[in-house]
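Report on the following structure.
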Amino acid sequence: MAYPKLEINLSKIYHNGKLLVEMCEKKGIEIAGVTKVFRGNPEIAKVLVDAGVSMLADSRIENIKKLKDIEIQKMLIRIPMLSEVEELVEYVDISINSELEVMDKISKEALRRNKVHQIMLMIDLGDLREGLWEDEIDSTVEQVLMMRGIQLAGLGANFGCYGGIVPERHTLEKLINIKQGIEKKYNISIPYLSGGNSNSLHLIWEEQMPEGINHLRIGYPFVLGKEDVYDQVIEGLYGDAFRLYGEIVEIKNKPSVPIGKRGIDAFGNMPEFIDRGIRKKAIVALGRQDVRLEGIMPKDDNVTILGASSDHLILDITDTETIYGLGDIMEFTVNYGALLAAMTSDYVEKEIIK
Ligand SMILES: *Cc1c(COP(=O)(O)O)cnc(C)c1O
């Protein structure tokens, strides 16, 4: 097996999935399992389906295409580009939307293909990324309801992505009120009310999730056992379903401050060094082409990351209890950003274990 390697433990992901699905089910909430952090890998996505998610969701049609053999509703969770509407209607059942011009194009494309595409209208409740602003909801809904080939299947909101807004009970109650207002005015029923991403999960543990929210779009906690609000592994979940490994290619005692005339490093920065004397250092064959190094942590608490370039990770191993040798494999935990980068890098071997 080649290194660097990302090990993906399917039974841990299944365990995380099952627990989250059951937790949400108790509150009448379905989960769209978000596959973007593992690039729509169908083997991993299948595990989420087995665990009981009711849809698979991704921000890229490219990833959703990989899921076409899995029998389940597919959702696009990035507002579609005008230029991808044809593919959207072909591969995706339900998409989040905020622009009438796009929805009009979807409507025409769906009619042409004799299909009905489901629309989840996004409402911006303060995070300031995608979604309708309050004053345009009424007129938008009115026009969407007149379009053929599309069905208004839901309303949704997103949090914690641009504005870093944490949803509260009253925030989601506002969404519920908007939905009820529309249903009453037009005498329709809107099936889904999607209360956000993993940033909304805390409302469940805190018993603050208002009744009426029946859908969430969840990705992060399945893979890393965490969400951003509490930023710690959720009780009962595995935080290490993904593990990163790299191989040591050099071990030497060297000074802690570089010798010679100082210039900038390979990335245009002027790094600072503290003189801690001669230290025992290891180089691991792992670099910025493989992973987002700010997002990895050595599993061994006594190892510190000193720096990195495109292909080398420089570690201080002076204070470790384990005696490391050349060729040894070192393990790292990954955060969301690092996982995304490692999944995206062709240089990182992916090993799926069951
Ligand atoms: C990424 C994303 C999600 C999933 O967020 P997690 O934090 O991974 O649970 C949900 N909704 C939208 C619109 C997203 O872009």
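All values below come from the heavy atoms of this structure, side chains included, with hydrogens, waters and symmetry mates left out. Order of listing sets the numbers, starting from 1, for every ligand and every atom in it.
At a heavy-atom cutoff of 4.0 Å, ligand 1 is contacted by no atom of M122, backbone or side chain. Heavy atoms of I77 found under 4.0 angstrom from ligand 1 belong to the backbone as well as the side chain.
The protein heavy atom nearest to atom 14 (C) of ligand 1 is K36 NZ, 3.1 Å. In terms of protein heavy atoms, atom 5 (O) of ligand 1 is closest to N197 CB, 3.3 Å. Scanning the protein for heavy atoms near atom 11 (N) of ligand 1, the closest one is R217 NE, 2.9 Å. Among all protein heavy atoms, the one lying closest to atom 8 (O) of ligand 1 is Y220 N, 2.8 Å.
Checked against Q118 for a side chain to side chain contact (heavy atoms under 4.5 Å, CB included), the options L152, I106, D93 give a single hit: D93.
Residue G219 has at least one nitrogen or oxygen atom sitting less than 3.5 Å from a nitrogen or oxygen atom of ligand 1, judged on distance alone.
Side-chain contact annotation: D58 with T35, donor-acceptor N/O pair under 3.5 Å present. Between the side chains of N9 and S11, at least one donor N or O sits under 3.5 Å from an acceptor N or O.
Relative ring orientation between W205 and Y230 is described as perpendicular, the plane-to-plane angle rising above 60° on a 0-90° scale split at 30° and 60°.
In this structure, the side-chain hydrogen bond (donor to acceptor under 3.5 Å, both in side chains) partners of E207, at least two apart in sequence or on a different chain, are K27. By the ring-ring contact (aromatic ring centres under 6.0 Å, His included) test, Y245 is found to be paired with no residue, residues two or more places apart in sequence or in another chain being considered.
For the residues S200, S198, S59, the heavy atom positioned nearest atom 7 (O) of ligand 1 is part of S198. For atom 12 (C) of ligand 1, the candidate residues are V37, L201, N158; the nearest heavy-atom contact is made by N158.
Near I218, the atoms of ligand 1 lying under 4.0 angstrom from a non-hydrogen atom of the residue are 9 (O). Under a 4.0 Å criterion applied to the non-hydrogen atoms of E130, ligand 1 contributes the atoms 13 (C). Those atoms of ligand 1 with a heavy atom of R129 less than 4.0 angstrom away are 13 (C), 14 (C), 15 (O).
In this structure, R78 has no heavy atom closer than 4.0 Å to ligand 1. Within the 4.0 Å heavy-atom cutoff, E227 does not count among the residues contacting ligand 1.
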Exercise for review: Could you please spell out the steps behind the side chain to side chain contact (heavy atoms under 4.5 Å, CB included) verdict for L339 and L224?
Suggested key: CA-CA 9 Å; L339 177 58; L224 293 177; 4.1 Å; yes
Review point. Step by step, would you call K350 with R39 a side chain to side chain contact (heavy atoms under 4.5 Å, CB included)?
Key: CA-CA 12 Å; K350 319 291 186 298; R39 301 176 73 197; 5.8 Å; no
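In terms of heavy-atom proximity, G212 sits nearest to I176 at CA-CD1, 4.2 Å.
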